[in-house]
K.L.:
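This is the structure I have questions about; it appears just below.
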There are 2 protein chains.
Amino acid sequence: MTASPAEPKPLTRIQTKNRAAILDAGLEVFSTYGFRGSTLDQIATAAGLSKPNLLYYFPSKEAIHAELLTGLLATWLDPLKLMQADGDPVTELLGYVRRKLEMSRQFPRESRLFANEILQGAPRIEAALSGELKELVDAKAEVIRGWAAEGKIADVHPHHLIFSIWSLTQHYADFDVQIRAVLGKEDPFEGAGAYLDVLFAKILTPE
Amino acid sequence: MTASPAEPKPLTRIQTKNRAAILDAGLEVFSTYGFRGSTLDQIATAAGLSKPNLLYYFPSKEAIHAELLTGLLATWLDPLKLMQADGDPVTELLGYVRRKLEMSRQFPRESRLFANEILQGAPRIEAALSGELKELVDAKAEVIRGWAAEGKIADVHPHHLIFSIWSLTQHYADFDVQIRAVLGKEDPFEGAGAYLDVLFAKILTPE
DNA sequence: CGTTGCTTTGACCGGTTGGTAAAATAATCT
DNA sequence: AGATTATTTTACCAACCGGTCAAAGCAACG
């Protein structure tokens with residue numbers, strides 16, 4: 001039994017391992033050189049496979065990149081989704097900032113992959129940006145506008161507030177090289193956490 | 001007469017025009033696809049030349065990219081250099097923010113070229129980052145620290161303050177596609193100017 | 001053990017890449 | 001004009017690109 005047209009087909013042990021290795025290698029390479037600047041040979045070498053072997057697991061370069069991007073978008077929207085309308089406004093917003101900064105610290109490659117895609121005009125996620133992303137942002141912006149109207153936070157432009165959170169947190173992943181060059185030995189994220197806490201507390205405090 | 005070993009050699013009319021066209025085309029292409037993702041054919045076509053003709057003016061792909069980057073670095077540091085220790089602290093810092101945002105509006109391609117280079121690990125400007133850039137930033141950070149010590153601005157981490165100015169202003173150039181996707185018809189820079197003015201005024205105001 | 005299906009490899013293909021050489025063409029100067 | 005120089009084109013190259021294919025190697029399971 002267990003009929004029906006499309007059986008999911010379980011992955012073998014080797015498939016699971018190699019697909020993971022390829023995606024990890026693809027993330028490493030794509031996040032550094034962008035889609036067009038990356039080669040299958042680079043990815044295959046980084047994954048410890050030969051190029052034809054890599055193409056046994058993924059049908060094309062595009063396919064690897066696509067899988068990385070779709071997986072990324074969910075991770076991307078998650079921290080914002082966690083911001084709840086019925087919580088304490090300042091706590092919720094600062095929580096969002098902290099989660100986003102923590103993501104920059106733990107997943108800098110994912111952040112750079114995203115940045116690369118946007119820099120190149122977002123040809124592969126344009127739809128998601130003006131669809132899924134826009135809808136979520138608009139909804140959360142409405143929540144923020146509500147908080148401001150109730151006087152619980154200062155009267156700020158909700159969309160630009162969100163942009164500033166993205167910008168400030170992702171900057172520490174995307175421009176890591178530059179920041180470390182300027183800071184020397186000092187740990188960027190140490191100072192960033194404290195600085196951003198104060199910054200957003202000041203922006204959000206009403207009057 | 002007019003001896004001495006290395007005469008600069010004046011450029012012909014055609015040289016001036018074509019070199020400019022190539023650099024403009026190179027900026028367009030490199031800022032979108034990064035160094036490795038860009039091709040000489042793309043650049044040549046964008047400049048309205050054939051590939052061999054392009055290589056008559058520049059010895060290599062590297063050379064075009066290098067010339068763009070070195071030219072860029074000066075433009076890049078300029079707005080920060082203009083920030084003077086003997087001016088009014090808040091005015092000087094807000095002026096820096098406005099100049100930087102204006103650059104993002106007027107020269108988004110330059111901003112993206114820079115972002116691309118940093119994202120890729122800054123292989124070609126590493127030296128400038130930990131040299132020229134670091135020195136200027138350190139000097140200006142000292143000025144900011146001085147202002148804070150005198151109580152003229154709030155006590156903020158000078159380096160992270162500068163990072164946040166870079167981050168927030170460049171974000172509007174580098175992530176333009178994403179921002180426009182979310183904002184719809186609304187002009188990003190309109191709202192950004194007002195938002196950033198308020199934001200930095202709040203951060204900088206002491207107590 | 002054998003055989004069946006999964007995995008890996010090496011040899012290859014057409015197209016593109018950065019770059020070159022030399023000849024043809026157009027400006028410039030006297 | 002003619003000589004000289006600057007510019008452009010045509011044809012080309014070796015290396016690399018994404019991707020295919022068939023054969024070889026391997027694991028699992030009865």
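Just so it is clear, the model here is predicted, and its values are computed rather than measured. Here is the naming used below: chain letters follow the sequence lines, and residue numbers restart at 1 for every chain.
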K.L.:
Just the endpoints, please: which first and last nucleotides of DNA chain D, 5' to 3', lie under 4.0 Å from a heavy atom of chain A?
P.N.:
D:dC17 to D:dA28
K.L.:
Sequence neighbours left out, what passes side-chain contact (heavy atoms from CB on, under 4.5 Å) with B:Gln106? Give chain and number order.
P.N.:
B:Glu102
K.L.:
Which residues, if any, of residues 39-63 of chain A bring a heavy atom under 4.0 Å of DNA chain C?
P.N.:
A:Ser50, A:Pro52, A:Asn53, A:Tyr56, A:Tyr57
K.L.:
Any side chain to side chain donor-acceptor pair (under 3.5 Å) involving residues 184-202 of chain A? Give me the pairs, sequence neighbours left out, ordered by first then second residue.
P.N.:
A:Arg98-A:Asp197, A:Glu186-B:His157, A:Tyr195-B:Ser164
K.L.:
For residues 128-135 of chain B, which side-chain N or O atoms pair as donor and acceptor with protein atoms under 3.5 Å away, sequence neighbours left out?
P.N.:
{"residue": "B:Ser130", "atom": "OG", "partner": "B:Glu126", "partner atom": "O", "Å": "3.2"}
{"residue": "B:Lys134", "atom": "NZ", "partner": "A:Val182", "partner atom": "O", "Å": "2.9"}
{"residue": "B:Lys134", "atom": "NZ", "partner": "B:Asp138", "partner atom": "OD2", "Å": "2.9"}

K.L.:
My understanding is that only residues two or more places apart in sequence, or in another chain, count here; which of them pass ring-ring contact (aromatic ring centres under 6.0 Å, His included) with A:Phe163?
P.N.:
A:His160, A:Trp166
K.L.:
A:Trp76: what forms a ring-ring contact (aromatic ring centres under 6.0 Å, His included) with it, not counting sequence neighbours?
P.N.:
A:Phe114
K.L.:
Check side-chain contact (heavy atoms from CB on, under 4.5 Å) between A:Leu23 and all other residues, then give those that pass, not counting sequence neighbours.
P.N.:
A:Phe58, A:Ile64, A:Glu67, A:Leu68
K.L.:
Could you pull out every donor-acceptor pair under 3.5 Å between side chains of residues 85-92 of chain B and any protein atom, sequence neighbours left out?
P.N.:
{"residue": "B:Asp88", "atom": "OD2", "partner": "B:Thr91", "partner atom": "N", "Å": "3.1"}
{"residue": "B:Asp88", "atom": "OD2", "partner": "B:Thr91", "partner atom": "OG1", "Å": "2.5"}
{"residue": "B:Glu92", "atom": "OE1", "partner": "B:Gln84", "partner atom": "N", "Å": "2.8"}

K.L.:
Distance-only check: which donor-acceptor pairs under 3.5 Å involve side-chain atoms of residues 41-48 of chain A, not counting sequence neighbours?
P.N.:
{"residue": "A:Gln42", "atom": "OE1", "partner": "A:Thr39", "partner atom": "N", "Å": "3.1"}
{"residue": "A:Gln42", "atom": "OE1", "partner": "B:Arg36", "partner atom": "NH2", "Å": "3.0"}
{"residue": "A:Thr45", "atom": "OG1", "partner": "A:Asp41", "partner atom": "O", "Å": "2.8"}

K.L.:
For residues 25-35 of chain B, tabulate all N or O donor-acceptor pairs below 3.5 Å that involve a side-chain atom, not counting sequence neighbours.
P.N.:
{"residue": "B:Glu28", "atom": "OE1", "partner": "B:Arg109", "partner atom": "NH1", "Å": "2.8"}
{"residue": "B:Ser31", "atom": "OG", "partner": "B:Leu27", "partner atom": "O", "Å": "2.7"}
{"residue": "B:Ser31", "atom": "OG", "partner": "B:Glu28", "partner atom": "O", "Å": "3.1"}
{"residue": "B:Thr32", "atom": "OG1", "partner": "B:Glu28", "partner atom": "O", "Å": "2.9"}

K.L.:
Indicate whether the side chain of A:Ser111 and that of A:Ser104 have a donor and an acceptor atom separated by less than 3.5 Å.
P.N.:
no
K.L.:
Can you name the atoms? Protein N/O to nucleotides 27-30 of chain C N/O, anything below 3.5 Å, with the distance.
P.N.:
{"residue": "C:dT28", "atom": "OP1", "partner": "B:Arg13", "partner atom": "NH2", "Å": "2.3"}
{"residue": "C:dT28", "atom": "OP2", "partner": "B:Arg13", "partner atom": "NH2", "Å": "3.3"}

